[in-house]
Amino acid sequence: MSRRIGVLTSGGDAPGMNAAIRTVVRSALHYGMEPWAISRGYHGLINGDMEPIKSRDMSGIIQRGGTILKSARSDQFRTPEGQAKAAAMLDEKGIDSLVVIGGDGSFKGALHLEKLGINVICIPATIDNDIACTDYSIGFDTAVNNVIDSVNKIRDTASSHDRVYVVEVMGRDSGYIALYSGLAGGADVILIPEVPYDVEEVCKQIEWANGQGKTYNIVMVAEGVKSVSGKSPEESPSMEIGHYIQEKTGYDTRITILGHIQRGGAPTVRDRLLASRLAYQAIELINQGKSGKMLGEVDQVVKAFDLSYALAQEKQLNLDYYHLSKILASI
Ligand code: F6P
């Protein structure tokens, strides 16, 4: 009997997950393995929601956002009983290796399974790009491009009405999306969880810029920033910030929360390539008998890291981008 390997997606979906699934399946077949698709992440794993999958099932998915395997949260899998049940289910189906495509929460789950004797290889996929040991995670590039697409449109209307636009983007604890799209979208101000801010300074910056002849402004806010007072906000931080700006400066201000639009849509070339390269390497590692690894791309090279090491690292935001955006907004 050929070796059986399972693949699942877990956590928030990310564009490019399908490209990764496709490569896992086809590379497994290339190595003479039998790929099994597990639906709805760890929830489906516990419930035995899995079946063998063929190469042709992968046709026409590389360009689709989301995940054909679906994703779900599983409270049961957070418990040792749930984890044991998941491992037993894999045993029952004769699957000895698992490729987990998701974010760090999914990787922690994978580490539990590893300790229960399952071979696991993890592939980073989250629009937040908050996973260490990889420059980018699958989905980030598409999400940032989605944001830029929206910001371009917001600029049209902002400039027509001489308004301030506060644009809130995703990133629960991470400023990556706000920083990259803020810099690429020419924002006047970028607010990210990693750097404390003073709303008075934000107002001053807008007033100064408009004093220099600007007629509209973009303030890019990561959803994870603290409230104006520094505490966790009661309402969305961008609402609070927008209302404050309107009141303080008198400029007509609008707030746009982009929300899940950022997470959908066809993956960019960059995400498809990243997904394909990491997924191929996942099968290579399984073929070599490796386990407990996370794959990442660092300086354009695909590398494998011990999962427990990767999980212990904190992803560092490149603050050069932040400083550059400040310079560009200050002249
Ligand atoms: O996948 C990451 C993410 O999009 C975060 O940026 C966001 O805070 C969260 O997921 C939203 O989660 P949900 O889709 O469960 O509302």
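In listed order, ligands and their atoms are each counted from 1. If you're wondering where the values come from, they're calculated on a predicted model, not measured in any experiment.
Tyr180 and Tyr321 have parallel rings, their planes meeting at less than 30° on a 0 to 90° scale where 60° marks the start of perpendicular. Ring planes of Phe77 and Tyr42: parallel class, angle under 30° (limits at 30 and 60°).
The residues Lys204 and Glu207 are annotated as not salt-bridged, no charged nitrogen and carboxylate oxygen being separated by less than 4.0 angstrom. Ion pairing of Asp75 with Arg73 is absent here, as no side-chain N (NZ or NE/NH1/NH2) approaches a carboxylate O to less than 4.0 Å.
One finds the NZ atom of Lys315 at 14.5 Å from the CG atom of Asp173 (value rounded to the nearest 0.5 Å).
Each of Asn217, Asp188, Thr249 was checked for a side chain to side chain donor-acceptor pair (under 3.5 Å) with Asn210, and the lone residue meeting it is Asn217.
Within 4.0 Å of ligand 1, protein heavy atoms come from Gly12, Arg73, Ile127, Asp128, Met170, Gly171, Arg172, Glu223, His260, Arg263.
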